[in-house]
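Since the structure comes first, as C-alpha cells, the remarks are kept for the end.
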Amino acid sequence: MDTEAVIFDLDGVLVHTDKYHYLAWKQLSDELGIYFDEEINRRLRGVSREQSLEIILENYNGKPFSDDEKKKMANKKNDIYRKYLSEMTPSDVKDEVRDTLHVLKERGYHIAVGSSSKNTGFILEKTDLLNEFEVVSDGTMITRTKPDPEVFLLASKLLSIAPSKCLVVEDADAGIDAGVAGGMKTAAYGEAVKSGKADYILDHFPDLLNICQ
Ligand code: BG6
Ligand code: MG
C-alpha cells in the first residue's frame, strides 16, 4: 500500500469526547422534552453541531423553532460540552494512541487531524496533542461537513499529499463516507466498524501499525 499520510478524526478516535457530545445533547434534549438515545446519537457522529440539532429535532412535534431559537440551543449544547472539555488533561489520550502516533512518524508517515469540530483547537490544546500533527483541518476551516470530503481534502492539500495516498481513520459512518468520497483509503475504528464500508478495521488503535508498516 502506498500510503504516505494518515488523517485522523478527533472525537471518538484520538480522544473520547464523543461521550461528552452525547451527554451534552442528552441534557439539552431532556430539558426540551425530546426523546434522545444512543441510536440517534450514532447519526450525530461526524456531522456538524447545526446538523446534529436538526437530527435531534426530528423527534420534536411542537411548534417549529425559529433560526434564532435553534442558534441558542446549539450554543447551549456547546456551553455544556465545553464544560466537560475544560476538565480534560493530557491523560485523556491513551498511551497506545500517543505511542502509535510516534511510531507512525518514525516510519516516515505524515499525520494530520481532519475533524468537523469547531472545538478541535481547544481539545488538542487541553490534551497536549497540538504539536503532534503536521496539519490540522477542522470545522472552523470548512463549509460542508462529513460525509462531504471537504475537511479531508483540505488536510491532503495542506500536507501536499494526493488523496489516493492518504488513509483516513474514523469512528463515524459519515466520516468513512467522506474518506471514500475524497478518494482516500479508510480505516474504521469503534462505532464505524459496524458500517462495513471501510477498507480496514481497527479492533485496537495500534492495529494501524499493521496497515502502515
Ligand atoms: C464531530 C463530532 O467531530 O464534530 C460530531 O463527531 C460533532 O458529533 C461535530 O457534532 C461538531 O463538533 P463541535 O465541537 O463543533 O460542536
Ligand atoms: Mg468521530
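The structure displayed is predicted, hence computed values, not measured ones. Counting starts at 1 for both ligands and their atoms, following the listed order. All residue numbers in this chain count up from 1 along the given sequence.
Polar contact check, S117 against ligand 1: a nitrogen or oxygen pair lies under 3.5 Å apart. No N or O atom of S116 sits closer than 3.5 Å to an N or O atom of ligand 1. In terms of polar-atom proximity, defined here as any N/O pair under 3.5 Å, R49 does make such a contact with ligand 1. At least one N/O-N/O distance between N119 and ligand 1 falls below 3.5 Å.
Counting only heavy atoms of the protein, atom 6 (O) of ligand 1 lies nearest to G46 N, 2.8 Å. Regarding atom 8 (O) of ligand 1, its nearest protein heavy-atom neighbour is L44 O, 3.0 Å. The protein heavy atom nearest to atom 15 (O) of ligand 1 is K118 N, 2.7 Å.
At least one donor-acceptor pair closer than 3.5 Å links the side chain of Y109 to the backbone N or O of Q213.
For the Mg ion (ligand 2), the tally of protein N/O/S atoms lying closer than 2.8 Å stands at 3.
Set against the non-hydrogen atoms of R45, the atoms of ligand 1 under 4.0 Å away are 6 (O). Atoms of ligand 1 found under 4.0 Å from any heavy atom of S52 (numbered from 1 in listed order, with element): 10 (O).
Distances from atom 5 (C) of ligand 1 to the heavy atoms of D18, D11, V47 show the closest one on V47.
Pairs passing the salt bridge (Lys or Arg N to Asp or Glu O under 4.0 Å) check and including a residue from residues 145-166, sequence neighbours excluded, read E4-K165, D9-K146, R144-D148, R144-E150, K146-E170.
For the atom pair CD1 (I176) and CG (D171), the distance works out to 8.5 Å, reported to the nearest 0.5 Å.
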